[in-house]
Amino acid sequence: MPLTTVARGRVYEWSHAVGRGTQSGTGFNYPQTMCLAKGGVAYVANRGNENNFGMRVNEVKIGGPGEEELLAEFFQWGEGDGRSTWPFGVAVDGQDHVYVSDEWNNTISVFDDRGKFLRKWGKTGSGDGELLRPAGLVCEKSGNVIVVDSGNNRLQVFTGEGKFLARCGKAGRGDGEFNQPWGITLDQAGNIYVADWKNHRVQKLSPQGKFMMKIGEYGTVPVAPGAYAVSYMGPYILPSGTPGYPKAGLLNHPTDVAVDTDGDIYVADWGNHRVCVFDAEGGPIANLIGDAQVMSKWGQMSIDANPDMMKARRRVRSLEPEYRFCFPTAVDFDPETDRIIVADSQRNRLQIYRKVRDYVDFQANL
């Protein structure tokens, strides 16, 4: 099975996976959102389970294959300053302050780069500066914080201390309107991209919040057991058992978006279990579906410590389903390494691809 996706002049190579499922310690528990800091550090917000275990933010050094390292763990479940009920979005500013939204408490908590609580702000409501189920966050170069105010179907801009500055958007299906928006990112020019979850699209806005473009439209990808996808938009095995090519650019409840230094756009297509890649004009390029044929370091440690787990894995007819994404919730691009990092929520891990700049096929005379 290929680990390299080639499409429209782009090459994406799967690199490695990071993490494993755990209630606490070295691992993730249903990673919800993430953001990248300098030096290959990722902050990952975990949603835990119905018993409230696993609510937290992990600070993880991604590194290369087998080099992942847990640096800190904070914003665990509980009451009071520095504690959470339903952590959601996470962002880092230029001073390495970490902002985390709490969807239940309608607050934004601020920490230093090692998880020490600094302050929090937020008030429940629908007025200016009030929040209802805040989701994704992103920090502008100015230090201001844009909050996806999902329950109010809008974006709001605050200073780092929580002073309200501006808002845009309202409930609806039209241009610049939202229906339970989720993830958010900025491109190099400061343009805003929002995963408009229930409208099944991504919207691009100017730095002032004016509508510029929409990306994608609603559609589900029929995938039977053993389905696969390579290169440009397919092929897929349809329920009839025959290969098929779904219409390009379909999205099913997109949860997050990232933009690389070339302007290419990556969308976590949650309901279709993939990451869709679009060009700067919104044209579909390729799909990434997860290629974790090699276990993460932490995952392999678990298997090595449990002989029964190893025996069970050896009895499985095919491990391919384990390779693939299962409801990916977040995606980010690291300009320092040209890597695409995907939060593979139901697999409790990150999968990492590299956008290859100098790819050359081996030439041989046969």
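Checked against side chain to side chain contact (heavy atoms under 4.5 Å, CB included), E67 has no partners two or more places apart in sequence or in another chain. Legend: residues meeting ring-ring contact (aromatic ring centres under 6.0 Å, His included) with H97, ordered by chain and number and at least two apart, are absent. Legend: residues meeting salt bridge (charged side-chain N to carboxylate O under 4.0 Å, His left out) with E217, ordered by chain and number and at least two apart, are K247. H253 pairs by the ring-ring contact (aromatic ring centres under 6.0 Å, His included) definition with W197, H200, not counting sequence neighbours. With sequence neighbours left out, F75 forms a ring-ring contact (aromatic ring centres under 6.0 Å, His included) with F111. Annotation: side chain to side chain contact (heavy atoms under 4.5 Å, CB included) contacts of D260 (sequence neighbours excluded): D262, D264, Y266, F333, K355.
Ring pair F158/F164 is perpendicular by interplanar angle, where above 60° counts as perpendicular and below 30° as parallel.
If you chain together ILVMFWY residues whose side-chain heavy atoms come under 4.5 Å of each other, V138 ends up grouped with I146, V148, L155, V157, L165, F178, I184, L186, I192, V194, L205, F211.
D291 and Y353 form a side-chain donor-acceptor contact under 3.5 Å, judged by distance and modelled atom types alone. Side-chain contact check for S142 and N144: at least one donor-acceptor pair (N or O, by modelled atom type) lies under 3.5 Å. No side-chain donor from either of N252 and Y218 sits under 3.5 Å from a side-chain acceptor of the other.
The salt bridge (Lys or Arg N to Asp or Glu O under 4.0 Å) pairs that include a residue from residues 178-189 number zero, where partners must be two or more places apart or lie in different chains. Screening residues 197-212 for salt bridge (Lys or Arg N to Asp or Glu O under 4.0 Å), with sequence neighbours left out, gives D196-R201. Pairs of residues two or more places apart, or lying in two chains, that qualify as side chain to side chain donor-acceptor pair (under 3.5 Å) and include a residue from residues 147-158 are D149-N152, D149-R154, D149-Q156. Sorted by first and then second residue, the side chain to side chain donor-acceptor pair (under 3.5 Å) pairs with a member in residues 172-185 form an empty list; sequence neighbours excluded.
Using a 4.0 Å cut-off between charged nitrogen and carboxylate oxygen, K297 and E68 do not count as a salt-bridge pair. Ion pairing between a basic and an acidic side chain is recognised when a charged N comes within 4.0 Å of a carboxylate O; E103 and R47 show such pairing. Salt-bridge formation is not detected for the pair R347/E322: no Lys NZ or Arg NE/NH1/NH2 atom is positioned less than 4.0 Å from an Asp or Glu carboxylate oxygen.
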Derivation of the salt bridge (charged side-chain N to carboxylate O under 4.0 Å, His left out) call for D279 and R10: CA-CA 10 Å; D279 63 25; R10 283 83 160 174; 5.2 Å; no
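The two atoms that bring L288 and T5 nearest to each other are CD2-OG1, 4.1 Å, heavy atoms only.
V267 and W270 fall into different hydrophobic clusters, defined by Ile, Leu, Val, Met, Phe, Trp and Tyr side-chain heavy atoms under 4.5 Å apart, directly or through other members. With hydrophobic clusters built from ILVMFWY side chains whose heavy atoms lie under 4.5 angstrom apart, V316 shares a cluster with Y323. Hydrophobic clustering (side-chain heavy atoms under 4.5 Å, transitive across Ile, Leu, Val, Met, Phe, Trp, Tyr) keeps W104 apart from I108.
At most 12 heavy atoms of other shown residues, nucleotides or ligands fall within 6.0 angstrom of atom CZ in R314.
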Ignoring hydrogens and angles, write down the donor-acceptor pairs under 3.5 Å from the side chains of residues 33-43, residues two or more places apart or on other chains.
from, atom 1, to, atom 2, distance (Å)
T33, OG1, F88, O, 2.3
Y43, OH, E59, OE2, 3.1
Y43, OH, D113, O, 2.8

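Just one residue in the list I341, I340, V342, D334 forms a side-chain contact (heavy atoms from CB on, under 4.5 Å) with I352, and that residue is I341.
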